[in-house]
Amino acid sequence: MDPQSGDSGIGSPDPQGVPKPSEGKSKKTVENHLNGTPNHVSHKHSSSSSHKHHHKSSSGDKHKDPNRHKHGSSGEKSKDPNRHKHKEHSSSKPKDPNKPSSGSSKDHSSKPKDGHHSSEKHKHSSEGAEKHKHSSDGTEKHKHSSEGKGKSSSGDKHKERHKDGSSKHSSDKHRSDKVKKEGSSSSSKPKSSGDVKVKTEPGLSEKGASPTKLVIKKEKEASQPVVNWEPQDSDDDVPLAVRAQGEKRAHESDSDDEPLAARAEKKKIKKEKPAEAVARKRKAESDDDDDKPIAKPKPKKKKGKEEKATPEKGKKKAKKEEPEVWKWWEEGPREEGVKWKFLEHKGPVFAPLYEPLPDDVQFLYDGKVMKLSEETEEVAGFFGRMLDHDYTTKDVFRKNFFHDWRKVMTPEERKVITNLDKCDFRQMDVYYKQKSEERKQMSKEEKQEIKKKNEATVEEYGFCNIDGHKQRIGNFKIEPPGLFRGRGDHPKMGMLKKRVRPEDVIINCSKDSEYPEAPAGHKWKEVRHDNSVTWLASWSENIQGSIKYVMLNATSRLKGEKDWMKYETARKLHKCVDRIRAQYREEWKSKEMRIRQRAVALYFIDKLALRAGNEKDSDEAADTVGCCSLRVEHINLHREHEGKEFVVEFDFLGKDSIRYHNFVAVEKKVFKNLQLFKENKSDGDDLFDRLNTTILNKHLQDMMEGLTAKVFRTYNASNTLQQQLKLLTNSEDSVAAKILSYNRANRAVAILCNHQRSVPKTFEKSMSNLQAKIDKKKEDIKKSRKEYKGLKADYKHKRDAKTAGMLERKKKQMERLEEQLMKLEVQATDKEENKEIALGTSKLNYLDPRISVAWCKKWEVPVEKIYNKTQREKFAWAIDMADETFEF
DNA sequence: AACGAGACTTAGTAAACACTAG
DNA sequence: CTAGTGTTTACTAAGTCTCGTT
């Protein structure tokens, strides 16, 4: 049946072990989601850990390796024969479609198979032929190989990709895995392989892991020092700083003239999108009339009034934030394409200006003190403050940084400073560390004061008035300057992220609102009134040239409504997924290569919850892929693996350079198709050369309105949660045990979606603390039990009321202790299972909150146990509308 | 079709904060 | 109250997908 066999699959995981992939056994095959999932985990994690180790070891623990995922790539980069095929490779291995990776062969145990493939291919002569033909014509895509030198063609593309030639991982990574596997196989992640987490392995897994994690580290720090809008500047410094908020009205400013209407006009043309349709379906009854009114509140209004939207809640007012509770979900649909009718805000808050270093903090060049100009010093400080980060030792990072740093130097400085190796930033590093230490040591009062100031800033800039309601803005602070640190092996790491000025910022608000005022002495780049978009301000960033936006917070109606629609679309898919699955299975047999590729890719997206995989430019970002952009080197075919037939091994870096490594048993037709897709191609060539996300999404759109590749992730994630909850929840369990079940269901989803996290730095420690607590509790119980026995014996003799009372009390105590013990144990299990899996992402972005709310209501688990305050705010709509009968 | 800009969602980590045990 | 921990929030990079152009 269905590939997914999800159902069955689902069931399979045993309640407890569910998450645990440990049992990868049979299920894996089937399942997909569930079982399959687990697999990933194991692999992935393990792998990851291994990688990590790498780093760590190599790089030195402390710093985290910026590239965590990169695997050993960092320095060595060994060239992975395979990967780069572009260039040299091409020549080298031109043809061997099958085993392109000669070198790697060892890694790919599958080699033999390849041979098969070829033969097979012949078999499917028809197909083969077709393919060839395509290839020939398919020039567009670099088709490769077809002819001998195909390589070259392919080469080009790839070339560009990894320009540096360093290939990343592939081989390395494999290697590492292997190692790990062999070595401590178990240790890594247990999962699928059946072993259960062997945590024990101190060597690799644990230790390694944690450090590894660290490795990750990010670029963030760069900006850090920045600080917040703290006290100091408050008023003066600030030209940029917004605080000036004066009183005057800038509005008249410029462009505004364009009639709002006009703008709206142009945009609105679009047709309604699915989501919208859904939307409307929801509450047909309510009409928009009411919103209308709100819409054009008078310009001035300000906060006070907003509450009114929902009369009822107005009450608490004074107290905390707004009375909130504006039940926007009970209102009728908005006019489509129009995101707001009225929008007023105070504009973004800029990063504080640079504060020059005190004179005693010096920069040395070639051992000699050198006074830098302000800007040069500022940029030097960005580098200096991250000195203990591993990436300041990376060539790419250093090179990019130095290049950009020189650009801000004065001619004289540029003349002198020609070698980064001769720069000594250590005093800056020390200085900034000291400053942050001081901040930590501040007295309570001082901290209090800062906090107050921050709150005032939030109160002033953190909210906007949209259609008469006061709503929180998500990111009203503009990103401070610093050194860019992309994730993974990013070609631009170390580049200078420039300071954003008001002149770079476009403000979006109602024409009839009070316009935000640019900081004193500055002007906005533009003030526009586009109500077809949701952003309040935007600017373009200098590293990738992309646009950054100031948008509303997740609790806002704009975001909430969209989120709700997202789940409605997924539920819609639920209704026709069988049909879609049947179709793509049928298409595996299609005569047309492009149809088969599309069908196989869709199968992966559905079964494994892979991301769509848009194409990306390798000069601009790390080399990562998704389903449609998988390359030949990312999958290995194993006719047989660990007792299963037709196993596809995935090993690639996905979003954020997180590794995805999984062994998946697939159906024979899929396997055969993959062999064909790989034929005559070498590493670096696209696996699905006749497919891209546009084609795929277009096809999906035809099958269901509003359907795109990512809907499958949402659907499978939510569906898995619902099924797992059904499976794992025991009515007799205590609330704590039920929560564990919930977390396990959540975990199954996180594994499916490959949501990883680094092992918390303090994991080992906190785990052993927990264990100690458990041991102690056990001791207590033993003691208590003994005492109880003693009392009992006593009572036998005395039979007096007093002893009876004591006996009773003792008994109660024992029970209490046992319960506490159980709770601790549950906690320990949960923690261990969650070591390197991040539940947050799926909870926040993939799981229909109504499923969780319904579950809570059904089992009488307080929602607070599942969602914290922020989450409850974000999912207020679901909490309010779902009852225990909700079905996804 | 291929591109590129634009808009918005999804993602993991570090900083900030809250909480607890000592 | 302090230090150590666990949790939440801030931050911003990295995806997806749409749309208008060429």
Side-chain angles (χ1 to χ4, degrees), chain A residues 64 66 68-69 140-141 213-224 226-228 266-267 269-270 273 339 436 439-440 444 447 450-451 454 474-480 482 484-488 490 492-493 497 508 530 532-535 538 540-541 543-549 551-554 558-559 562-563 566 611-617 620-622 624-626 628-629 654-658 692-698 700-701 706 708-711 713-714 753-758 760-763 765-766 769-770 773 831 838 840-842 844-846 868-871:
Chain A
K64 346 309 263 20
R68 138 207 256 166
H69 321 91
E140 67 239 40
K141 232 144 177 204
K213 283 349 216 65
L214 314 190
V215 184
I216 298 93
K217 208 57 147 234
K218 319 211 102 258
E219 56 286 355
K220 302 167 157 244
E221 5 271 54
S223 29
Q224 257 17 314
V226 177
V227 170
N228 352 284
K266 29 168 88 148
K267 293 329 220 55
I269 316 280
K270 58 210 10 208
K273 39 258 299 52
K339 306 298 173 82
S436 89
R439 218 162 335 130
K440 266 190 246 171
K444 214 140 46 63
K447 282 186 178 168
I450 290 175
K451 194 169 174 192
N454 286 336
N475 57 323
F476 58 91
K477 289 181 189 169
I478 285 190
E479 298 172 17
F484 177 81
R485 190 4 194 153
R487 309 211 242 241
H490 200 117
K492 298 192 170 183
M493 67 169 85
K497 198 165 92 159
N508 191 30
D530 182 354
S532 69
V533 295
T534 68
W535 52 269
S538 71
S540 103
E541 150 277 336
I543 303 288
Q544 316 271 9
S546 63
I547 306 172
K548 299 270 193 164
Y549 304 91
M551 289 183 183
L552 297 184
N553 170 296
L558 241 27
K559 295 288 187 186
K562 194 96 184 281
D563 204 37
K566 170 181 78 187
R611 294 188 183 81
N614 284 314
E615 284 142 41
K616 55 192 280 203
D617 184 349
E620 301 291 311
T624 62
V625 301
C628 296
S629 50
K655 181 177 180 181
D656 291 320
S657 290
I658 293 291
N692 61 38
T693 55
T694 306
I695 295 172
L696 179 64
N697 281 333
K698 204 161 283 174
L700 292 175
Q701 187 66 238
T708 61
K710 80 179 202 130
V711 176
R713 276 195 123 209
T714 307
C753 296
N754 201 29
H755 291 142
Q756 300 188 48
R757 67 163 178 175
S758 39
K761 295 184 260 299
T762 56
F763 186 84
K765 201 184 329 174
S766 74
N769 285 348
L770 227 190
K773 264 197 204 163
K831 185 174 209 139
T841 304
S842 49
L844 237 48
N845 303 300
Y846 291 101
N868 66 29
K869 177 154 168 284
T870 313
Q871 293 165 162

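Proteins come first, then strands; the chains are lettered A, B, ... in the order of their sequence lines, and each starts at number 1. Since the model is a prediction, treat every value here as computed from it, not as a measurement. Keep in mind that the numbers below use all heavy atoms, side chains included, and drop hydrogens, waters and symmetry copies.
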| request: For C/dT5, take OP1 and OP2 only and decide whether either is under 4.0 Å from a side-chain N or O of A/Thr762. | output: no

| request: Answer yes or no: does a side-chain N or O of A/Thr693 lie under 4.0 Å from OP1 or OP2 of C/dC17? | output: no

| query | Is any side-chain N or O of A/Lys548 closer than 4.0 Å to OP1 or OP2 of C/dA13? | reply | yes

| Do A/Lys616 and A/Thr624 have a side chain donor and acceptor closer than 3.5 Å? | yes

| message | Does B/dT9 have its OP1 or OP2 closer than 4.0 Å to a side-chain nitrogen or oxygen of A/Asn845? | response | no

| note | Per nearest nucleotide of DNA chain B, the residue lying toward the 5' end, A/Ile547 or A/Lys655, is A/Ile547

| said: Of the listed nucleotides (B/dC8, C/dG15, C/dA14), which one gets closest to any side-chain atom of A/Lys562? | reply: B/dC8

| said: Of the options C/dT12, C/dT8, C/dT18, whose atoms approach the side-chain atoms of A/Gln701 most closely? | reply: C/dT18

| request: Quickly work out the A/Ile658 CD1 to C/dG15 P distance and round it to whole Å. | output: 10 Å

| field | Nucleotide of C/dT5, B/dC8, C/dT12 approaching A/Lys765 most closely (side-chain heavy atoms) | value | C/dT5

| Phosphate-side-chain proximity, A/His755 and B/dT10, N/O vs OP1/OP2 below 4.0 Å | no

| request: Return no unless some side-chain N or O of A/Lys559 is found under 4.0 Å from OP1 or OP2 of B/dT9. | output: yes

| Nearest-neighbour nucleotide for the A/Trp535 side chain, C/dT5, B/dC8, C/dG15 considered | B/dC8

| said: Below the 4.0 Å mark, does C/dC17 have OP1 or OP2 next to a side-chain nitrogen or oxygen of A/Asn697? | reply: yes

| request: Using whole Å, report how far CG of A/Leu770 lies from P of C/dT7. | output: 10 Å

| said: Please pick, from B/dA11, C/dC11, B/dC8, the nucleotide with the shortest atom-to-atom distance to any side-chain atom of A/Tyr846. | reply: B/dA11

| query | Which is true for A/Gly654 with a 4.0 Å heavy-atom rule: it touches a base, it touches only sugar-phosphate, or it touches nothing? | reply | sugar-phosphate

| Base, sugar-phosphate alone, or nothing: which one does A/Gly613 contact when heavy atoms must sit under 4.0 Å apart? | sugar-phosphate

| remark: Closest non-hydrogen contact found for A/Asn845 with A/Lys566 is O-NZ, 2.8 Å

| Has A/Lys710 got a side-chain N or O lying under 4.0 Å from the OP1 or OP2 atom of C/dC17? | no

| remark: Testing B/dG6, C/dT8, C/dT16 for proximity to the side chain of A/Asn868, the answer is C/dT8

| Can you name the closest pair of heavy atoms from A/Asn697 and A/Thr708 and give their distance? | OD1-CA, 3.4 Å

| message | Within the 4.0 Å heavy-atom criterion, would you say A/Lys447 contacts the bases, only the backbone, or no part of the nucleic acid? | response | nothing

| query | So A/His490 and A/Phe484, would you call those rings parallel, tilted or perpendicular, with 30° and 60° as cut-offs? | reply | perpendicular

